[in-house]
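Contents: one structure, followed by commentary.
Since the model is a prediction, treat every value here as computed from it, not as a measurement. Sequence positions, counted from 1, serve as the residue numbers for this chain.
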Amino acid sequence: MRTEITTLVSRELELVDRLLEESSFGVPSADSVTAEIAKSGGKKMRPAVFLLAARALSNGLYSTKSEDMVRIAAALELIHTASLLHDDVVDGSMTRRGRPSANALFGNRASILAGDLLWCRASELILPLGNTRLMAEIVDAARDTTIGEMMCGQRIRDRGSYLAMVEGKTGSLFRAAARSAAIVAEAGDPMESALARYGTSLGAAFQIADDVIDSTTDDDTGLSGPAAVLGGTEAAIALARELSAEARRNLTPLGPSAEARALSMIADYAVDRACGVQRF
């Protein structure tokens, strides 16, 4: 899968990396935080989803607007990174992808404020494009991500509430990544809706798999893991696979293409991680 992604959007993802590296603010504490979070890497799944969908829908637009596409992709990754900084503070996490988290290294105050600055930088990248519908979609995703994260602080006891939480916390930004491609391509409401459903289902499957991987039985956290809420680890993985299949079904309007295949493989990858299968 890595080969397919690299072949299709490697140049754009390299340019995304450059934009991320340039997101400095001239404030040592903030720049230290953003530099540290950049070291931890990340697979840039949301930029990849946006770029692949945009290429699939391009009809020539992608090549003439490639710089705009890179700016949008970078903004999506900045928003995701900001949410990670905030989440680690809220959750009291001391590690991130096997490294000390930014808040462990620099403190909560620096991490929160650096996250706020990354939100601002993302807006700076998108606003010059002058696409109000695109901006509205991303603002909606930011709101829904925050609501989903707030739900994590509640004791979730039923499947419906758990699904609402994962669809907000993780599904909303994947939704924005996929739907934004249709917005930019002016592909119409049916395609926007299909890609929005793809992103929401993909993100929910991704979060359930993450929760299975990170599952805890510590009742003192006030959180209920997916195994407890959904009836066991196998049931949680089964639900994630259902959502992954739903994501793939919503790619049908794209038609056959290398980009659509890659998007389908991302949906598989979202769940395979919880089963020890490596595709990306």
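Minimum heavy-atom separation, S244 to A267: OG-O, 2.7 Å. A56 and L254 make their closest contact through CB-CD2, 4.1 Å (heavy atoms, listed as atom of the first residue, atom of the second, distance). Heavy-atom minimum distance, L134 versus I183: N-CG2, 3.9 Å.
Contact check for D210 versus R273: side-chain heavy atoms found under the 4.5 Å cut-off. When side chains are defined from C-beta on, D140 does not count as touching S172, because their heavy atoms never get closer than 4.5 Å. Within the 4.5 Å cutoff, the side chain of T145 has no heavy atoms near those of the K169 side chain. Side-chain contact between L19 and R121: present, with at least one pair of heavy atoms (C-beta onward) separated by less than 4.5 Å.
In the displayed structure, R109 atom CZ is contacted under 6.0 Å by at most 12 heavy atoms of other residues, nucleotides or ligands.
No side-chain donor from either of E246 and S201 sits under 3.5 Å from a side-chain acceptor of the other. For D158 and S161, the side-chain atoms include at least one donor-acceptor pair closer than 3.5 Å. For the residue pair R197 and S193, no side-chain donor N or O sits within less than 3.5 Å of a side-chain acceptor on the partner.
Atom CD of E124 is separated from atom CG of L118 by 10.5 Å, given to the nearest 0.5 angstrom. Rounded to the nearest 0.5 angstrom, I208 CD1 and M165 CE are separated by 8.5 Å. Between atom CG of residue L163 and atom CD of residue Q207 there is a gap of 11.5 Å, rounded to the nearest 0.5 Å. The structure places OG of S257 at 8.5 Å from CG of L8, a figure rounded to the nearest 0.5 Å. Rounded to the nearest 0.5 Å, atoms CG (L52) and CE (M45) are 9.5 Å apart. A distance of 12.0 Å separates CG of L263 from CG of N250, quoted to the nearest 0.5 Å.
Hydrophobic cluster of L113: no remaining members, since no ILVMFWY side chain lies below 4.5 Å from it.
For the pair R46 and F50, the NZ or CZ position fails the cation-pi test of under 6.0 Å to the six-membered ring centre and within 45 degrees of the ring normal. For the pair R179 and Y198, the NZ or CZ position fails the cation-pi test of under 6.0 Å to the six-membered ring centre and within 45 degrees of the ring normal.
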Let me see the working for E192 and R175 under salt bridge (Lys or Arg N to Asp or Glu O under 4.0 Å), right down to the final yes or no. CA-CA 10 Å; E192 283 186 29; R175 179 199 73 213; over 6 Å; no
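Between R71 and D68, no side-chain nitrogen of the basic residue sits less than 4.0 Å from a carboxylate oxygen of the acidic one, so the salt-bridge criterion is not met.
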